[in-house]
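Working notes, structure below.
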Amino acid sequence: MIENYYGLPTPISGEKLYETGLSQLKALNIPVAEEELLSIAYDNGVYQVQTSFHSYESQAIILATGAKRNPITLKEAKKYEGNGISYCAVCDGFFFRNKNVKILGNGDYALHEAKVLEPLAKAVTIFTNGLTETFDSSVLGNIQVNHKKLLSVGGKFLRMDYF
């Protein structure tokens, strides 16, 4: 429940607030794009927004992410968060300079994170965790893809066990 939100006298669910916002945008004829966000860059007063389908330019951005990230369900993963496991390539990529980096994910977002890490890391591998996502080989460059299902993480160098 969201409380103390300007203009709303009683608590409201995040879903209801989202629906109310969409209604307001429609009433004002403001277009809405519900697409996966890949990156935001800023240059000379203009934001460049890249999604899985389009590129947009804007002078302002409102980020309303709404949901928590999906937790990693691998054994021992929580133990290594902040100590080998990270959730943001842009934020934490420099910690992994000249190291072999593994990305757990699939689709455009995983590929984008891999591309961010590619110039920093010694090697980058995307683990799709058993999903059969196919990536265009011309876009992958030196990035490797592994479709095996992961079982756990652990060890001094954050070993990834799979079958």
Side-chain angles (χ1 to χ4, degrees), residues 13-15 17-19 21-22 25-26 30-43 46-58 60-155 157-163:
S13 72
E15 183 179 1
L17 182 61
Y18 174 73
E19 290 169 1
L22 284 179
L25 292 172
K26 285 179 184 176
I30 297 172
V32 175
E34 294 188 31
E35 301 170 21
E36 182 179 18
L37 177 66
L38 298 177
S39 66
I40 299 172
Y42 183 75
D43 187 35
V46 177
Y47 289 97
Q48 303 288 328
V49 178
Q50 182 66 47
T51 74
S52 52
F53 297 108
H54 299 96
S55 295
Y56 300 95
E57 290 187 351
S58 176
I61 294 177
I62 298 172
L63 294 176
T65 58
K68 296 179 185 177
R69 68 177 169 256
N70 294 331
I72 296 175
T73 57
L74 298 172
K75 283 191 251 178
E76 299 288 322
K78 195 139 203 79
K79 175 180 174 182
Y80 294 99
E81 287 180 355
N83 189 22
I85 292 180
S86 173
Y87 292 94
C88 178
V90 172
C91 308
D92 299 331
F94 64 93
F95 289 123
F96 304 104
R97 280 187 306 244
N98 299 317
K99 295 185 189 270
N100 293 324
V101 177
K102 311 298 190 244
I103 294 172
L104 178 58
N106 64 322
D108 291 333
Y109 188 74
L111 181 59
H112 175 267
E113 296 292 279
K115 291 305 240 177
V116 167
L117 292 168
E118 188 178 23
L120 299 170
K122 184 175 182 180
V124 178
T125 303
I126 299 173
F127 278 82
T128 67
N129 204 23
L131 299 174
T132 57
E133 176 72 36
T134 56
F135 297 98
D136 181 350
S137 59
S138 67
V139 177
L140 282 175
N142 293 322
I143 298 167
Q144 300 298 309
V145 178
N146 185 318
H147 295 291
K148 293 180 181 176
K149 181 98 173 135
L150 296 171
L151 297 174
S152 66
V153 296
F157 297 103
L158 204 59
R159 180 188 76 254
M160 299 179 89
D161 299 321
Y162 51 87
F163 65 90

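Everything numeric here is computed off the predicted structure, so don't read it as measured data.
One distance of note links CZ of Phe95 with CG of Leu117; it measures 12.5 Å at 0.5 Å rounding. Interatomic distance, CG of Leu120 versus CG of Asp92, reported as 11.5 Å (0.5 Å rounding). Here the NE2-CD1 distance, from His112 to Ile103, works out to 10.5 Å after rounding to the nearest 0.5 Å. A distance of 9.5 Å separates OG1 of Thr128 from NZ of Lys149, quoted to the nearest 0.5 Å. From Ile40, atom CD1 reaches atom CD1 of Ile61 across 4.0 Å, with rounding to the nearest 0.5 Å. Atom CD1 of Ile143 and atom CD of Glu113 lie 11.0 Å apart (nearest 0.5 Å).
Between Ala110 and Ile126, the closest heavy-atom pair is O-CD1, 4.0 Å. Considering all non-hydrogen atoms of both residues, Asn146 and Lys148 come closest at OD1-N, 2.7 Å. What you find for Ala33 and Tyr56 is that their closest heavy atoms are CB-OH, 3.4 Å. Closest non-hydrogen pair, Val101 versus Ala121, comes out as CG2-CB, 3.6 Å.
In the displayed structure, Phe94 atom CZ is contacted under 6.0 Å by more than 12 heavy atoms of other residues, nucleotides or ligands. By the 6.0 Å contact criterion, NZ on Lys99 is open, its count of non-hydrogen atoms from other residues, nucleotides or ligands being 12 or less.
Here Asp43 pairs with nothing under the side-chain hydrogen bond (donor to acceptor under 3.5 Å, both in side chains) rule; sequence neighbours left out. For Lys79, the salt bridge (Lys or Arg N to Asp or Glu O under 4.0 Å) partners are Glu76, not counting sequence neighbours. Qualifying ring-ring contact (aromatic ring centres under 6.0 Å, His included) partners for Tyr109, counting only residues two or more places apart in sequence or in other chains: none. In this structure Ser55 satisfies the side-chain hydrogen bond (donor to acceptor under 3.5 Å, both in side chains) test together with Gln50, sequence neighbours excluded. Applying the salt bridge (Lys or Arg N to Asp or Glu O under 4.0 Å) criterion to Lys78, with sequence neighbours excluded, gives Glu81. For Tyr47, the ring-ring contact (aromatic ring centres under 6.0 Å, His included) test picks out Tyr42, with sequence neighbours left out.
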Review point. Could you go step by step and tell me if Lys115 and Leu38 meet the side-chain contact (heavy atoms from CB on, under 4.5 Å) rule?
Key: CA-CA 11 Å; Lys115 291 305 240 177; Leu38 298 177; over 6 Å; no
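Between the side chain of His147 and the backbone N or O of Asn129 there is no donor-acceptor pair closer than 3.5 Å. Remark: the backbone N or O of Asn142 is paired with a side-chain donor or acceptor of Glu118 at under 3.5 angstrom.
Inter-residue side-chain proximity for Asp108 and Glu35 is flagged as unmet; no heavy-atom pair is nearer than 4.5 Å.
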